[in-house]
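Each remark here refers to the structure printed beneath this line.
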Amino acid sequence: MRCDRILPARSIWLAMVAGLVACSGPAESGTQEGEAGWQTPEHPAFPGAQGYGSRSKGGRGGKIMQVVSLEDSGPGTLRECIEAMGPRVCVFRVSGVIRYTDQPPRIRHPFITIAGQTAPGDGITLAHSGGEMGRTPLVIKDTNDVIIRHIRVRNDRIGDRRGSEDSITIENSSHVILDHVSASWARDELVNGHGNNNFITVSNSIFSWGIPKHDKCALLASDPKAPQYFSFIGNLCAHNGDRNPDINFPPDSCVEVVNNVFYNAQSEFAEVWESYGGTPVAIIGNTFIAGPDTQRNALGIIRQIISSTGPARVYVDDNEFIGNFMEKDTGLADISLTQPDCATTFTPASAQQAYQSVLGGAGAFPRDALDRQVVDDVRNRTGSVMKAPGTIPQFAMERAGRDTDRDGMPDDWETAHGSSPDFADPWDDANGDGVANMDAWLEQRHLEVIGASVPQGSAV
């Protein structure tokens, strides 16, 4: 099974979204049924979106819902936006910690964008309250077309059921892209794919300090019912004992683990399993680095044959292995390919280029003290697995600038870009460049929070 190649670029994206203006609305559902494989996205989720989830529509064309409260529930909360129906974009006019004191909400209704980059100041962190309500703070379940960017999840309190304490779970969902998220201190997986997912991207994110004895970075699939298309791109896994990541899919899947950095695994880094009939995976341009907790008999890429029901098919290319551990399981040679079953969805960078890119740009921005620390640990080969959750860093809580028409875009930005601050026009194209006002604003905010330069007067 072959898949198209793409190399996303700003110019390509402009052309692709041309014509998406005021009359645009949600297109057909991103259902998995009847799809003939992955295709180059006509309208990428955002500029530079990569991987199998890059076709996600999110909330484009829908209502703008402002998050003005850090409370668990009620008007103007993130829960209200998550639980609403119809296409919607959650924009933030506050910054700080949203701590769920009740059962955390589940993203069930499709076509949603959670735009953490719109938060003022130091951004948004999700957490639970521990005990009976100590459940996974960010759950995407039984839905489709979800975009989440620049959100942190910090499980700083202990719940009463370890198996329900991931940081992020994606379950029975399709067309999902998680980009520039950060997660720490889960007692189960930091990020967990479960059930019949498809067309998923997890990119440019930091997953650190899983809590022993189940300190796991990423379980990309568990209990899959059918082949899946899954991309794990440009992420940093650090200070997790194993599952960096865990790769276990049925035959006819297309799985790519590309341009990531994996640091300080204790026993195992990447695990390729065969319990669902044999994973087809491309492992390209990654860097595997020993840390203070890495055992000398640890494995960089391991073939797990426990309960095997068929051999995996693994393409391995241009990976860096740094430190004193075994690079590859000897059994990997028997299932290695000279070319991948599925072409990558983009042209991979070299492992060395990706290393610099990940350390400079992964995670939710602005980076908090935790992400800065874990990046410093990788650079300096320091740090260790944590035995208990840490403390969420304090940061100044700020409110966003004036938004007279409550369309999610601040008045001064609208005035500077030809939009009107007096009436809601998020899906108009004020400057005629083929990009809807809201899409332009979201991209400019993304560039601002990651510290990229934004040309004076530019739409993005």
Side-chain angles (χ1 to χ4, degrees), residues 8 30 38 41 44-46 48-56 58 107 113-114 116 126 136-141 143-153 166-184 186 188-195 197-208 210 216-222 224 228-238 240 243-249 253-262 269-271 279 281-286 344-346 348 354 357-358 361-365 371:
W38 185 81
F46 47 80
Q50 292 178 318
Y52 293 120
S54 61
R55 280 195 289 153
S56 176
I107 300 172
T113 296
I114 299 179
L126 305 182
T136 303
L138 184 56
V139 177
I140 302 161
K141 185 171 182 177
T143 192
N144 57 268
D145 292 278
V146 177
I147 300 170
I148 299 175
R149 303 187 82 189
H150 294 291
I151 293 290
R152 303 182 202 95
V153 185
D166 301 318
S167 289
I168 303 166
T169 292
I170 308 169
E171 181 176 350
N172 296 328
S173 296
S174 68
H175 298 283
V176 174
I177 183 165
L178 304 180
D179 181 71
H180 287 285
V181 301
S182 296
S184 295
D188 207 18
E189 275 76 23
L190 287 161
V191 60
N192 172 35
H194 180 72
N197 293 320
N198 209 359
F199 302 107
I200 309 296
T201 292
V202 178
S203 58
N204 304 312
S205 296
I206 296 178
F207 304 112
S208 58
K216 316 291 186 181
C217 177
L219 179 62
L220 301 188
S222 59
Q228 300 184 13
Y229 288 66
F230 199 112
S231 300
F232 196 75
I233 303 169
N235 303 296
L236 170 60
C237 287
N240 301 291
R243 296 187 181 175
N244 293 281
D246 183 295
I247 312 161
N248 196 4
F249 291 80
S253 298
C254 286
V255 184
E256 54 185 8
V257 177
V258 180
N259 287 158
N260 303 282
V261 176
F262 305 114
F269 289 85
E271 305 173 43
T279 299
V281 60
I283 302 175
I284 304 173
N286 304 284
T344 55
T345 60
F346 67 105
S357 178
V358 169
F365 277 74
D371 280 352

Intermediate values then yes/no, side-chain contact (heavy atoms from CB on, under 4.5 Å), Ile247 and Val255: CA-CA 8 Å; Ile247 312 161; Val255 184; 4.0 Å; yes

Could you grab the distance from atom OG1 of Thr201 to atom OH of Tyr52, nearest 0.5 Å is fine? 9.5 Å

Should Pro245 and Cys217 count as side-chain neighbours, where that means a heavy-atom distance under 4.5 Å? no

Heavy-atom check, side chain of Asn259 versus side chain of Phe346, under 4.5 Å: yes

Shortest non-hydrogen separation from Val258 to Ala282 and the atoms involved: CG2-O, 4.4 Å

Would you say Ser173's side chain and Glu171's backbone share a donor-acceptor pair under 3.5 angstrom? yes

Criterion side-chain contact (heavy atoms from CB on, under 4.5 Å) against Val146, the qualifying member of Ile200, Ile114, Val176, Leu178: Val176

Residue pair Pro224 / Asn248: nearest heavy atoms and the distance that separates them: CG-O, 4.2 Å

Do Phe46 and Ile147 pass the side-chain contact (heavy atoms from CB on, under 4.5 Å) test, and can you show the C-alpha distance, the side-chain angles, and the key distance before you say yes or no? CA-CA 9 Å; Phe46 47 80; Ile147 300 170; 4.1 Å; yes

Closest non-hydrogen atom pair, Ile206 against Ala362: CD1-O, 3.4 Å

Search all heavy atoms of Ile168 against all heavy atoms of Thr136 and return the closest pair with its distance. N-CG2, 3.9 Å

Rounded to the nearest 0.5 angstrom, the NZ-CD distance for Lys216 and Glu189 is 7.0 Å

The criterion is side chain to side chain contact (heavy atoms under 4.5 Å, CB included); which residues satisfy it with Ser184, sequence neighbours excluded? Arg154, Ser208, Trp209

Less than 3.5 Å apart, any donor N or O on the side chain of Asp371 or Ser182 sitting next to an acceptor on the other? yes

Minimal heavy-atom distance between Ala49 and Ile177, with the atoms involved, is CB-CD1, 4.0 Å

My understanding is that only residues two or more places apart in sequence, or in another chain, count here; which of them pass ring pair (Phe, Tyr, Trp, His ring centres under 6.0 Å) with Phe365? none

Can you confirm whether Ile151 sits close enough to Leu126 that some side-chain heavy atom of one is under 4.5 Å from a side-chain heavy atom of the other? yes

Contacts of Asn204 meeting side chain to side chain contact (heavy atoms under 4.5 Å, CB included) (sequence neighbours excluded), chain-then-number -> Asp179, His180

Gap separating the OG1 atom of Thr344 from the CD atom of Gln50, nearest 0.5 angstrom: 9.5 Å

Backbone N or O of Gly210 within a donor-acceptor pair of the Asn240 side chain at under 3.5 Å? yes

Which residues pass the ring pair (Phe, Tyr, Trp, His ring centres under 6.0 Å) test with Phe207, sequence neighbours left out? none

Thr345 and Gly51 have their tightest heavy-atom pair at OG1-CA, 3.2 Å

Less than 6.0 Å separating the ring centroids of Phe262 and Phe269? no

Could you tell me whether the side chain of Ile233 reaches within less than 4.5 Å of the side chain of Val202, counting heavy atoms only? no

Partners meeting side chain to side chain contact (heavy atoms under 4.5 Å, CB included) with Ser222 (sequence neighbours left out): Asn192, His194, Leu219

How long is the gap from CG on Asn260 to CG on Asn235, to the nearest 0.5 Å? 5.0 Å

Derivation and outcome, side-chain contact (heavy atoms from CB on, under 4.5 Å), residues Leu220 and Phe249: CA-CA 8 Å; Leu220 301 188; Phe249 291 80; 3.7 Å; yes

Test of understanding: with side chain to side chain contact (heavy atoms under 4.5 Å, CB included), list the residues that count as partners of Ser167, not counting sequence neighbours. Val153, Asn155, Ala183, Ala186, Leu190

How long is the span from the CD1 atom in Ile140 to the CD1 atom in Ile107, to the nearest 0.5 Å? 5.0 Å

Kindly indicate, with the supporting measurements, whether the criterion side-chain contact (heavy atoms from CB on, under 4.5 Å) is fulfilled by Glu256 and Ser231. CA-CA 5 Å; Glu256 54 185 8; Ser231 300; 2.6 Å; yes

Can you tell me how far CZ of Phe232 sits from CG of Asn244, rounded to the nearest 0.5 angstrom? 8.5 Å

